[in-house]
Amino acid sequence: MSLTEYKKKRSFKKTPEPGPEKKSSEFGNIFVVQKHRATQLHYDFRLEADGVLLSWAVPKGPSMDPNVKRLAMHVEDHPVDYARFEGVIPEGEYGGGTVMVWDTGIYGPENTTSVSKAVAKGELKFALLGDKLKGSFVLVRTREPQWLLIKHRDKYAKEGDISKTQPFSVLTKRTLAEIAEDEGGEVKKAATGDPKGLPRRRDIKRRKKAAKKKVWHSKRKPS
């Protein structure tokens, strides 16, 4: 596992993203899904392994419906600290746009003792315990960098589009547009990633208008 490609694509004097440091989280097995309105809206699905976050870009987001197969494009490894990144990547920089921590938690591999070896072989089965995503899933490589993310049939499986019914940040309850407004991003661009007819919510953590706009760094640890 290497963060060379991650480092090569970014100027850390310009982007607030965390630096390319290999480390482990408190649990050693966190996962995070970040909703990212860059050139196109997509969801970044990340699993911790060997000091980094293995990462896939999922254009339509994860599904809890076993009948739905989601395309997942294998991308460069990210640092573990990225799991807490919610805010704005400056326009013009790699991945420029608004980032939301859409879901987070812990995971456990199934039928393997090495996540990295299973990924190298092209199939990883795992169970998620997040705020939104729960139960058994599989990542299957069709041809690099294309994979499929599929929900297994279990007690957590259900129909419907969870990205529409649960569109808010698990850290701050904000929409993409609100994150962009609070952190100095392009609000109109970010708003195109929010579904119409938003469900009701509580406990929203907004930045005060008088406060200096910056990237939101939550101290909440994945649970």
| query | Heavy-atom distance under 4.5 Å between the side chains of Trp102 and Gln34, does that happen here? | reply | no
| query | Can you list the other members of the hydrophobic cluster that holds Leu71, where links are side-chain heavy atoms under 4.5 angstrom apart? | reply | Met73
| query | His36 side chain to Gly95 main-chain N or O, any donor-acceptor pair under 3.5 Å? | reply | yes
| query | Quick one: are Asp81 and Lys23 in side-chain contact, heavy atoms under 4.5 Å? | reply | yes
| field | Min side-chain heavy-atom separation Arg141-His74 under 4.5 Å | value | no
| task | Sequence neighbours left out, what pairs pass side chain to side chain donor-acceptor pair (under 3.5 Å) with at least one residue falling in residues 89-100? | result | Lys9-Tyr94, Glu91-Lys189
| message | Testing the basics here: between Leu124 and Pro109, what is the closest heavy-atom pair and its distance to 0.1 Å? | response | CD1-CB, 4.5 Å
| said: Name the residue from Arg201, Arg207, Lys205 that meets the salt bridge (Lys or Arg N to Asp or Glu O under 4.0 Å) definition with Glu178. | reply: Arg201
| Does any non-hydrogen side-chain atom of Leu139 lie less than 4.5 Å from one of Glu123? | no
| said: Testing the basics here: between Val101 and Ala83, what is the closest heavy-atom pair and its distance to 0.1 Å? | reply: CG2-O, 4.0 Å
| query | Looking only at heavy atoms, what is the nearest atom pair of Val187 and Ala180, with distance? | reply | CA-CB, 4.0 Å
| query | Quick one: does Glu21's side chain have a donor or acceptor within less than 3.5 Å of a partner on Pro79's backbone? | reply | no
| For Leu133 and Asp103, which heavy atoms make the closest approach, and how far apart are they? | N-OD2, 2.8 Å
| task | Supply the atom-to-atom distance Leu171 CG to Arg84 CZ, rounded to the nearest 0.5 angstrom. | result | 10.0 Å
| message | Just by distance, no angles: are the side chains of Glu76 and Ser55 close enough, under 3.5 Å, to form a donor-acceptor pair? | response | no
| task | Measure from the side-chain N and O atoms of Arg70 to the backbone N and O of Gly61, and report whether any donor-acceptor pair falls under 3.5 Å. | result | yes
| note | Between Val52 and the options Val80, Asp77, Leu47, the side-chain contact (heavy atoms from CB on, under 4.5 Å) test singles out Asp77
| field | Neighbour count above 12 (heavy atom, 6.0 Å) for Lys132 NZ | value | yes
| query | Distance only, no hydrogens: is a donor on one side chain within 3.5 Å (strictly under) of an acceptor on the other, for Asp161 and Ser163? | reply | yes
| field | Heavy-atom side-chain proximity of Thr165 to Ile162 below 4.5 angstrom | value | yes
| query | For Pro20 and Leu3, which heavy atoms make the closest approach, and how far apart are they? | reply | C-CD1, 3.5 Å
| task | Please examine the side chains of Leu176 and Leu41, heavy atoms only from C-beta on, and report whether any two atoms are closer than 4.5 Å. | result | yes
| said: Quick one about Glu17 and Tyr82 (side-chain donor to acceptor, distance below 3.5 Å, no hydrogens or angles considered), yes or no? | reply: yes
| query | Which distance, rounded to the nearest 0.5 Å, do you find between the CZ of Arg10 and the CD of Glu5? | reply | 9.0 Å
| request: Quick one: pull up CH2 in Trp147 and NZ in Lys69 and give me the separation to the nearest 0.5 Å. | output: 15.5 Å
| query | Ion pair present between Arg46 and Asp44, side-chain N to carboxylate O less than 4.0 angstrom? | reply | yes
| message | Quick check against the 3.5 Å criterion: does Lys14 have a side-chain atom that pairs as donor or acceptor with the backbone of Pro90? | response | no
| field | Glu159, Lys151, Arg153 screened by side chain to side chain donor-acceptor pair (under 3.5 Å) with Asn67, the one that passes | value | Arg153
| field | NZ/NE/NH1/NH2 to OD/OE distance under 4.0 Å, Arg174 and Glu181 | value | no
| side chain to side chain contact (heavy atoms under 4.5 Å, CB included) assessment of Glu86 paired with Ile179 | CA-CA 8 Å; Glu86 178 171 291; Ile179 294 169; 3.7 Å; yes
| message | For the backbone of Gly28 and the side chain of Ser24, can you confirm whether one donor and one acceptor N or O come within less than 3.5 Å of each other? | response | no
| Does a donor on one side chain and an acceptor on the other come within less than 3.5 Å for Ser136 and Asp154? | no
| request: Answer whether the closest heavy-atom distance between the side chains of Val99 and Lys35 falls below 4.5 Å. | output: no
| Above 12 or not: heavy atoms from other molecules or residues under 6.0 Å from CD of Gln40? | no
| query | Do the side chains of Tyr107 and Tyr43 join up, straight or via other hydrophobic residues, at under 4.5 Å, putting them in one cluster? | reply | yes
| note | When rounded to the nearest 0.5 Å, the distance separating CZ of Phe31 from OG1 of Thr104 is 6.0 Å
| Is the closest side-chain donor-acceptor distance between Thr112 and Ser114 under 3.5 Å? | no
| Does Leu129 belong to the same Ile/Leu/Val/Met/Phe/Trp/Tyr cluster as Val32, with side-chain heavy atoms less than 4.5 Å apart forming each link? | yes
| request: Going by the ring pair (Phe, Tyr, Trp, His ring centres under 6.0 Å) test, name the single residue among Tyr6, Phe45, Trp56, Phe85 that passes it with His78. | output: Tyr6
| Are Val138 and Ile106 connected, step by step, through hydrophobic side chains (Ile, Leu, Val, Met, Phe, Trp, Tyr) whose heavy atoms are closer than 4.5 Å? | no
| Mind checking whether Phe126 and Val119 sit in one hydrophobic cluster, side chains of I, L, V, M, F, W, Y counted as touching below 4.5 Å? | yes
| query | Roughly how far apart are Asp194 CG and Lys164 NZ, rounded to 0.5 Å? | reply | 11.0 Å
| field | Ile204 versus Lys173, closest heavy-atom pair with distance | value | CA-CB, 3.9 Å
| said: Quick check: is Leu54 connected to Val75 through a chain of hydrophobic side chains (ILVMFWY, heavy atoms under 4.5 Å apart)? | reply: no
| Under the 4.5 Å side-chain heavy-atom rule for ILVMFWY, direct or indirect, which residues accompany Phe168? | Leu198
| task | Flag the pair Pro62 / Val33 as yes when at least one side-chain heavy-atom distance between them is below 4.5 Å, and no otherwise. | result | yes
| said: Distance check, rounded to the nearest 0.5 Å: Lys134 atom NZ versus Leu128 atom CG? | reply: 10.0 Å
